[in-house]
Amino acid sequence: MKKEILLVALGGNALIRKGQIGTVEEQFANLRTPIGQIAKLSRDYRVIITHGNGPQVGNLLLQQECCDAVPSLPLEILVAQTQGQIGYMIESTLDAALMGLGIHTEQPLVSLMSYVVVAEKDPAFLAPSKPIGPVFSEEKAATLPYPTRKTGEGYRRVVASPKPVTIVEKREIRNLIDMGFIVICCGGGGIPVIREGRAFSGVDAVIDKDLASAKLAEEVGVDIFLIATDVKGVALHYGRPEEAFLRKVSLDQAARYLKEGLFPAGSMGPKVEAAMQFMKRGGKRAIITSIDAIEEAVSGSAGTEVIR
Ligand code: ADP
Ligand code: MG
């Protein structure tokens, strides 16, 4: 019998934790915790790993601002760069973990550049809302060639965050999984592209990595969808005295809490939405948990599970 397929979506904080400056050494050290657990799980599951790229793409955007000696790069290219750099870090950390377990020969792995199609007419393009990259003063922001918005920290560039329509490499990913590969893909939500006749063309946007992962999970036929982040699960009244973490939440309850604004856009909101989408479209299990508790969550003793 074929092993079940487990998709683990790693949050940006799996690589750079809050308060860290994000050196490469820090990023490698942070990855060992989730990747060590994923290596063990690969004995019992066929595994797909997706990952965020917020801090990394933010650093690349800052580099663009700091240097006039070379042409600056569009966002789609920066997303592609982060898929390369983070894919490399995950792959080499995972390789070492598999070797440590003595299963590297039976467990090949591959990291894939991934495109994700978005709709040219997605309403998100009319009102870019996702803040990315460095913080600017009001004076500097007024001179920039792209839209900015005032945030808690200062002015930041905002880009559209359109919905993922389809993962371009879904068949390749499915084939690699069936051949026994652990596949690292859809980094940073994927390189956003629109269809232009028979070709694809990159667009200035970022796709939420949790929503892209849910789309991938649906299209590849994943059994267990696990979102790993820096909190132990989904809480009601997060950060308040009456905060209460949920162990299980039904689709109906989750929809109600979302509507009541308990899960903010840009952090817990898309995770809950992604888990709900996966369960609505026939997935077996969807869990939101901490990067320290991936194995426990798969065994059913940690995290928040969205149930039908
Ligand atoms: P990631 O990089 O993993 O995508 P995010 O920062 O986007 O992480 O989302 C995780 C964060 O969501 C947590 O660190 C927490 O501060 C925040 N959060 C907001 N609302 C909630 C909630 N209701 N329950 C749990 N965490 C929440
Ligand atoms: Mg996030």
Side-chain angles (χ1 to χ4, degrees), residues 7-20 22 26-27 30-31 33-35 37-38 49-59 79 82-83 86 89-90 116 129-133 151-153 156 158-159 161 163-164 186-190 205-217 225-249 253-278 286-294 297 302-306:
L7 188 158
V8 181
L10 291 176
N13 46 61
L15 286 102
I16 302 180
R17 300 205 169 200
K18 287 187 181 123
Q20 292 186 331
E26 282 172 342
Q27 298 190 50
N30 294 338
L31 270 176
T33 303
I35 295 300
Q37 299 172 70
I38 293 170
I49 302 172
T50 62
H51 59 84
N53 73 346
Q56 292 79 11
V57 85
N59 287 350
V79 174
T82 64
Q83 288 191 351
I86 301 171
M89 285 192 282
I90 293 177
V116 175
S129 64
K130 168 92 184 160
I132 57 166
T151 69
E153 308 109 299
R156 292 180 77 194
V158 283
V159 293
S161 188
K163 293 268 178 293
C186 289
V206 292
I207 303 170
D208 182 86
K209 73 110 179 28
D210 296 311
L211 297 178
S213 301
K215 180 53 76 177
L216 174 68
F225 176 31
L226 186 145
I227 300 176
T229 183
D230 62 350
V231 283
K232 67 179 181 180
V234 183
L236 300 181
H237 312 293
Y238 179 74
R240 301 239 292 263
E242 66 272 33
E243 171 182 285
F245 277 88
L246 303 166
R247 289 283 288 115
K248 285 198 161 73
V249 61
Q253 284 171 323
R256 192 157 2 103
Y257 295 143
L258 253 180
K259 222 166 131 194
E260 288 168 9
L262 293 171
F263 312 138
S267 62
M268 196 44 77
K271 294 183 202 308
V272 173
E273 265 181 68
M276 289 170 65
Q277 218 179 81
F278 175 71
I287 320 161
I288 298 165
T289 189
S290 133
I291 45 176
D292 308 309
I294 296 174
T304 303
E305 189 153 345
V306 176

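Counting starts at 1 for both ligands and their atoms, in listed order. The figures that follow rest on heavy atoms only: side chains count, while hydrogens, waters and symmetry mates do not.
Distances below 4.0 Å separate heavy atoms of L262 from the following atoms of ligand 1: 23 (N). Ligand-side atoms of ligand 1 in range of G11: 1 (P), 2 (O), 3 (O), range being under 4.0 angstrom from any heavy atom. Annotation for ligand 1: atoms under 4.0 Å from non-hydrogen atoms of K209 are 4 (O). Near G266, meaning under 4.0 Å from any of its heavy atoms, are these atoms of ligand 1: 7 (O). The contact set between ligand 1 and A235, taken as ligand atoms under 4.0 Å from a residue heavy atom, comprises 22 (C), 23 (N), 24 (N), 25 (C). Against a heavy-atom cut-off of under 4.0 Å, G12 is close to the following atoms of ligand 1: 2 (O). Of all the atoms in ligand 1, the ones that sit under 4.0 Å from a non-hydrogen atom of P264 are 19 (C), 20 (N). Atoms of ligand 1 lying under 4.0 Å from any heavy atom of T229, numbered from 1 in the order shown and given with element: 1 (P), 3 (O), 8 (O), 10 (C).
With hydrogens and angles ignored, the 3.5 Å screen pairs a side-chain donor or acceptor of Q27 with a backbone N or O of G22. No donor-acceptor pair closer than 3.5 Å links the side chain of T289 to the backbone N or O of I294. In this structure, Q37 contributes its side chain and T33 its backbone to a donor-acceptor pair below 3.5 Å. Not a single donor-acceptor pair under 3.5 Å links the side chain of Q56 to the backbone N or O of T82.
Minimum heavy-atom separation, G189 to A212: O-CB, 3.4 Å. When every heavy atom of G303 is checked against every heavy atom of R247, the shortest pair comes out as O-NH1, 2.6 Å. Closest heavy-atom contact between G188 and K209: C-CB, 4.3 Å. Contact record, L246 with T304: O-OG1, 2.6 Å, taken as the closest heavy-atom pair. In this structure, P34 and A14 approach most closely via the heavy-atom pair CG-CB, 4.3 Å. Between V272 and F263, the shortest heavy-atom distance links the atoms CG2-CD1, 3.7 Å.
Residue contacts with ligand 1: A14 is excluded, as none of its non-hydrogen atoms falls under 4.0 Å. In this structure, G52 does not count as a contact residue of ligand 1, since none of its heavy atoms falls inside 4.0 Å of the ligand. Ligand 1 has no atom lying under 4.0 Å from any heavy atom of G269. Not close to ligand 1: H237, with no non-hydrogen atom less than 4.0 angstrom away.
Only the side chain of K18 comes within contact range of ligand 1, with a heavy atom under 4.0 Å; no backbone atom does. No part of I227 comes within 4.0 Å of ligand 1, judged by heavy-atom distances.
With S267, G233, A228 as candidates, the residue nearest to atom 5 (P) of ligand 1 on a non-hydrogen basis is S267.
Ionic pairing of D292 and R17 is present here: one or more N-O contacts between side-chain nitrogen and carboxylate oxygen are shorter than 4.0 angstrom.
A side-chain contact (heavy atoms from CB on, under 4.5 Å) with L10 is found for one member of I35, T229, L15, T50 and no other, namely I35.
Of the protein's non-hydrogen atoms, D230 OD1, 2.6 Å is the one closest to atom 14 (O) of ligand 1. Ranking protein heavy atoms by distance to atom 22 (C) of ligand 1, first place goes to Y238 CB, 3.4 Å. Regarding atom 4 (O) of ligand 1, its nearest protein heavy-atom neighbour is K271 NZ, 2.6 Å. Nearest non-hydrogen protein atom to atom 26 (N) of ligand 1 is M268 CE, 3.4 Å.
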